[in-house]
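Written out below as structure tokens is the structure these notes cover.
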Amino acid sequence: MVQAWYMDDAPGDPRRPHRAQPARPVSLEQLRRLGVNYWKLDADKYENDPDLEKIRRERNYSWMDIITICKDKLPNYEEKIKMFYEEHLHLDDEIRYILDGSGYFDVRDKEDKWIRIFMEKGDMITLPAGIYHRFTLDEKNYVQAMRLFVGEPVWTAYNRPADHFDAREQYMKFLAQTT
Ligand code: KMT
Ligand code: NI
């Protein structure tokens with residue numbers, strides 16, 4: 001099952017796990033209440049996987065590509081790594097399916113605390129439009145992920161503060177009506 005935990009406030013390399021001490025694990029149910037959805041799939045058969053097809057069909061994830069994030073494969077690696085880790089939001093859902101390697105998606109909870117989600121091969125996640133989040137590689141420095149989108153992709157990231165967007169207001173309303 002997916003591993004998620006509250007982060008410590010220690011400075012230093014973001015690629016380390018940064019688990020709060022004492023440990024504060026976070027369940028799938030807690031993530032769901034933040035609007036974060038998670039699936040486990042068989043990444044070895046991503047090219048012909050009925051379970052993936054079903055999710056894509058039901059949720060209209062018509063568009064996809066595959067991104068490889070490591071020093072030698074990603075153009076403007078350092079710049080992109082920095083951008084991914086700036087706290088930001090999007091006006092659409094961020095949908096990622098890890099095909100190989102691993103990394104951390106950090107999301108803010110209702111009290112604005114960071115939750116770190118460890119994502120590895122076979123993990124698929126959706127972060128809702130309007131949630132503040134960021135991404136970093138872990139100490140293995142390698143991930144390959146499918147990026148999915150409803151229609152033509154819009155990658156624009158709005159760094160915090162970005163509270164005036166309708167997507168943010170909608171997300172705050174969603175948070176207010178879940179327990
Ligand atoms: C993003 O938007 O943060 C990325 O595409 C990088 C993470 S994909 C594993
Ligand atoms: Ni993002």
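Start at 1 and go down the list; that is how both ligands and their atoms are numbered.
Near Ala145, meaning under 4.0 Å from any of its heavy atoms, are these atoms of ligand 1: 9 (C).
Glu94 has its closest N, O or S atom to the Ni ion (ligand 2) at the position named OE1. Among the heteroatoms counted here (N, O or S) of His90, NE2 is the one nearest to the Ni ion (ligand 2).
No cation-pi contact links Arg56 to Tyr61, judged by a cut-off of 6.0 Å to the six-membered ring centre and 45° from its axis.
Inspection of the Tyr132 and Asp163 side chains reveals an N or O donor paired with an N or O acceptor under 3.5 Å.
We find that Asp112 and Arg160 are joined by a salt bridge, their nearest charged nitrogen and carboxylate oxygen being less than 4.0 Å apart. Ion pairing between Asp49 and Lys54 fails under the 4.0 Å rule for side-chain N and carboxylate O.
The shortest N or O to N or O distance between Arg96 and ligand 1 is below 3.5 Å.
Contact annotation for Glu94 and ligand 1: only side-chain heavy atoms (C-beta onward) come within less than 4.0 Å of the ligand.
At the Ni ion (ligand 2), the angle from NE2 in His133 to NE2 in His88 is 90° when rounded to 10°.
A distance-only check finds a donor-acceptor pair linking the side chain of Gln177 to the backbone of Phe174 [under 3.5 Å].
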